[in-house]
Colleague: 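Sending over a structure as structure tokens; questions will come in a sec.
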Amino acid sequence: QTVKTNINIPDGYVIEGNVPNDYTFKASGNTDITVKLKHGTTTVTPDKPKTTGDKLPDNPSKNYPSGVAENDLNKTVTRTIKITDPQGKVTTETQTVHLTRTATVDEVTGKVTYGDWTTGSFDSYDVPSVEGYTASQDKVDTDKVTSDTQNSEVNISYTANPQSIKINYIDDDKGGATVKSDALNGKTDETVKTGITIPENYTVVGTTLSEYTFKAKDNADITVHLKHVINTTSEEKTITRTIKVTNPNGGVMTIPQSAKSTRTVSTDKVTGEVTYGDWSKATLDGYDVPGIEGYTASQSKVDETIVDGNSKDSEINISYTANDQSIKLNYVDSDNNDSIVKSDTLNGKTNQTVKTGISIPDGYVVEENVPTDYTFKATGNADITVHLTHNKVTVAPDNPKTTNDKLPDNPSKNYPSGVDQNDLNKTVTRTIKITDSQGKVTTETQTVHLTRNATVDEVTGEVTYGDWTTGSFDSYDVP
């Protein structure tokens, strides 16, 4: 079936390219129709500006945006020429140039883009001449006008012929020596301010003229009489003291202190002679140095200090030293009711890690693991207890010892008695004597060798024995 597409273009848009008016449906494989649109635009001319109350021609649901009104598309630039004659009468010549531009409005987004402003120019203007006076300019030139040109005003006036006198400043304290001379300029019949300025370091004697009217000729110089000034001022000096406190971790806390001292300064402003008053006293506050547990500050307090302008800036550096710390290394005999064998002192400083240097006494062995290092705290350091047991050595009957032999793990002591050859070995004898009928005696001797082990406590020297071995005599047949 062939149907009308009835494509309906949204307000403000225009079709880009062609679109089908009809579409014939196939049995299968029908494809969608894409209608490409672009934003419609309308041009607003300067002679037909629009307001936000006007509707867009192709999108009547929307109004024109701001920016296309009369003042947006039209501009008048004015140059006003004012001519003031010697009597003060003002004549005005006004020149205007009208500039325009067009605007293009996007009917979808409302965005406004502008065309270039037109340009123009102001005509040149010849300034009228007045006898006896000189105009500030004899002509105002033609000038191009663009959208960047601002309204302007050109003021033209007339000045009389120039006149001049001297203003002489005389030092009465130095026999009328001239300090300086200024020129006072004006024009014929003009009354001007004398603008008398007193030279630095002087004051006026008497009065001075504030105005002077120039004549056409024979104008006389003005004399100003002066005397020296003595001036008194105040001088201030800031004295600083910086306290820097470095904590055990290396962090620095800075405490800035300052005090101000003043004095008067009297100056003869002509000769330059200066005299000074005494500096006032000022105080730098005392400061209590914070305490840190386990450390000692290099000083506990910075005292209050009186300073004046003669004092120098200073810096005080405060640091902390780790306090001495110590614990006991207690060696206890677990085989003797934890009696103390010996005690050593382990020394260090706060937050310092040291080797314990644990040394086992001769004849003992450690019952458990012992620390190789110890880190001292600021407080609450606990003693280290090393639990010991007696070392024991076994003496075999084939390697007996005498009291001259050294104990292997306690070489300061010898073996005790009780572990020599006879203590660990024993021979038992059975003697059989046969007496025949004639009275002759025959002897048969039988022996058995017995042994045992001994265990020696290397601390106490106590000897304990193992069981004896056993044996037997052979049987004997009597002849």
Side-chain angles (χ1 to χ4, degrees), residues 294 323-431 445-474:
N323 292 342
D324 291 333
Q325 303 284 353
S326 68
I327 60 171
K328 290 291 186 182
L329 300 177
N330 294 317
Y331 298 78
V332 299
D333 188 340
S334 297
D335 290 336
N336 190 21
N337 298 318
D338 287 340
S339 62
I340 294 177
V341 178
K342 70 169 182 174
S343 289
D344 295 333
T345 300
L346 182 64
N347 296 311
K349 296 181 181 297
T350 303
N351 288 332
Q352 181 185 16
T353 299
V354 298
K355 296 293 183 183
T356 57
I358 289 173
S359 173
I360 307 306
D362 288 346
Y364 287 89
V365 293
V366 177
E367 189 177 20
E368 57 192 4
N369 292 330
V370 293
T372 58
D373 303 296
Y374 184 82
T375 300
F376 285 99
K377 299 177 291 186
T379 60
N381 291 294
D383 293 344
I384 296 173
T385 299
V386 180
H387 291 274
L388 306 174
T389 58
H390 298 187
N391 191 47
K392 295 179 174 60
V393 61
T394 299
V395 182
D398 58 344
N399 189 20
K401 303 296 182 181
T402 71
T403 55
N404 292 322
D405 295 321
K406 298 291 185 183
L407 288 168
D409 298 304
N410 194 355
S412 64
K413 288 187 176 182
N414 291 4
Y415 276 88
S417 58
V419 291
D420 62 7
Q421 175 71 28
N422 292 332
D423 297 309
L424 305 180
N425 294 270
K426 179 188 289 186
T427 299
V428 181
T429 304
R430 182 170 70 176
T431 304
T445 302
Q446 296 178 321
T447 61
V448 176
H449 184 229
L450 305 179
T451 64
R452 63 178 176 180
N453 292 323
T455 300
V456 178
D457 184 322
E458 292 201 53
V459 175
T460 64
E462 180 184 0
V463 179
T464 56
Y465 297 98
D467 294 330
W468 285 102
T469 59
T470 60
S472 61
F473 294 119
D474 295 334

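As the structure is a computational prediction, the values presented were derived from the model and not from experiment.
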Colleague: Under a 3.5 Å cutoff, is there a donor and acceptor pairing between the side chains of Tyr364 and Asp335?
Modeller: no
Colleague: Is the closest side-chain heavy-atom distance between Thr403 and Pro416 below 4.5 Å?
Modeller: no
Colleague: Please walk me through it: do Phe376 and Asn323 pass side-chain contact (heavy atoms from CB on, under 4.5 Å)?
Modeller: CA-CA 10 Å; Phe376 285 99; Asn323 292 342; over 6 Å; no
Colleague: Could you give the distance from CD (Gln421) to CG (Asn399), rounded to the nearest 0.5 Å?
Modeller: 10.0 Å
Colleague: For Glu458 and Asn410, indicate whether the former's side chain and the latter's backbone hold a donor-acceptor pair under 3.5 Å.
Modeller: yes
Colleague: Could you tell me the separation between the OG atom of Ser326 and the CG atom of Leu346, rounded to the nearest 0.5 Å?
Modeller: 8.5 Å
Colleague: Under a plain distance cut-off of 3.5 Å, with no hydrogens placed, do Asn330 and Ser343 share a side-chain donor-acceptor pair?
Modeller: yes
Colleague: Do side-chain atoms of Tyr331 reach the backbone of Ser359 as a donor and acceptor pair under 3.5 angstrom?
Modeller: yes
Colleague: Could you grab the distance from atom CD1 of Ile327 to atom CG of Asp383, nearest 0.5 Å is fine?
Modeller: 6.0 Å
Colleague: Heavy-atom distance under 4.5 Å between the side chains of Tyr415 and Leu407, does that happen here?
Modeller: yes
Colleague: Per the salt bridge (charged side-chain N to carboxylate O under 4.0 Å, His left out) rule, what does the pair list look like for residues 344-369, sequence neighbours excluded?
Modeller: Asp324-Lys349, Lys342-Asp344, Lys355-Asp373
Colleague: Do the side chains of Asp333 and His390 get nearer than 4.5 Å, heavy atoms only?
Modeller: yes
Colleague: Calculate, to the nearest 0.5 Å, the distance between atoms CZ and NZ belonging to Arg452 and Lys426 respectively.
Modeller: 7.0 Å
Colleague: Please check if the side chain of Tyr465 supplies one atom and the backbone of Gly418 the other of a donor-acceptor pair under 3.5 Å.
Modeller: yes
Colleague: What residue among Asn336, Val386, Leu388 forms side-chain contact (heavy atoms from CB on, under 4.5 Å) with Val341?
Modeller: Leu388
Colleague: Any side-chain to backbone donor/acceptor pair from Arg430 onto Val448? Under 3.5 Å, distance only.
Modeller: no
Colleague: Atom OG1 in Thr451, atom CG in Leu424: separation rounded to 0.5 Å?
Modeller: 8.5 Å
Colleague: Please collect all salt bridge (charged side-chain N to carboxylate O under 4.0 Å, His left out) contacts where either partner lies in residues 392-418, sequence neighbours excluded, each pair once.
Modeller: none
Colleague: Are any of the side-chain heavy atoms of Pro400 and Asp423 separated by less than 4.5 Å?
Modeller: no
Colleague: Taking the side chain from Asp457 and the backbone from Val459, do they hold a donor-acceptor pair closer than 3.5 Å?
Modeller: yes
Colleague: Answer yes or no: is there a side-chain heavy-atom contact under 4.5 Å between Thr356 and Val370?
Modeller: no
Colleague: At their closest point, which heavy atom of Gly471 faces which heavy atom of Leu450, and how far apart are they?
Modeller: N-CD2, 3.7 Å
Colleague: Are Lys328 and Thr345 close enough that a side-chain donor and a side-chain acceptor fall under 3.5 Å?
Modeller: yes
Colleague: Ignoring hydrogens, what is the shortest heavy-atom contact between Thr350 and Gly294? Give both atom names and the distance.
Modeller: OG1-O, 2.6 Å
Colleague: Roughly how far, to the nearest 0.5 Å, is the CG atom of Asn453 from the CH2 atom of Trp468?
Modeller: 10.5 Å
Colleague: Take Ile384 and Leu329, measure what side-chain contact (heavy atoms from CB on, under 4.5 Å) needs, and give me the verdict at the end.
Modeller: CA-CA 5 Å; Ile384 296 173; Leu329 300 177; 3.7 Å; yes
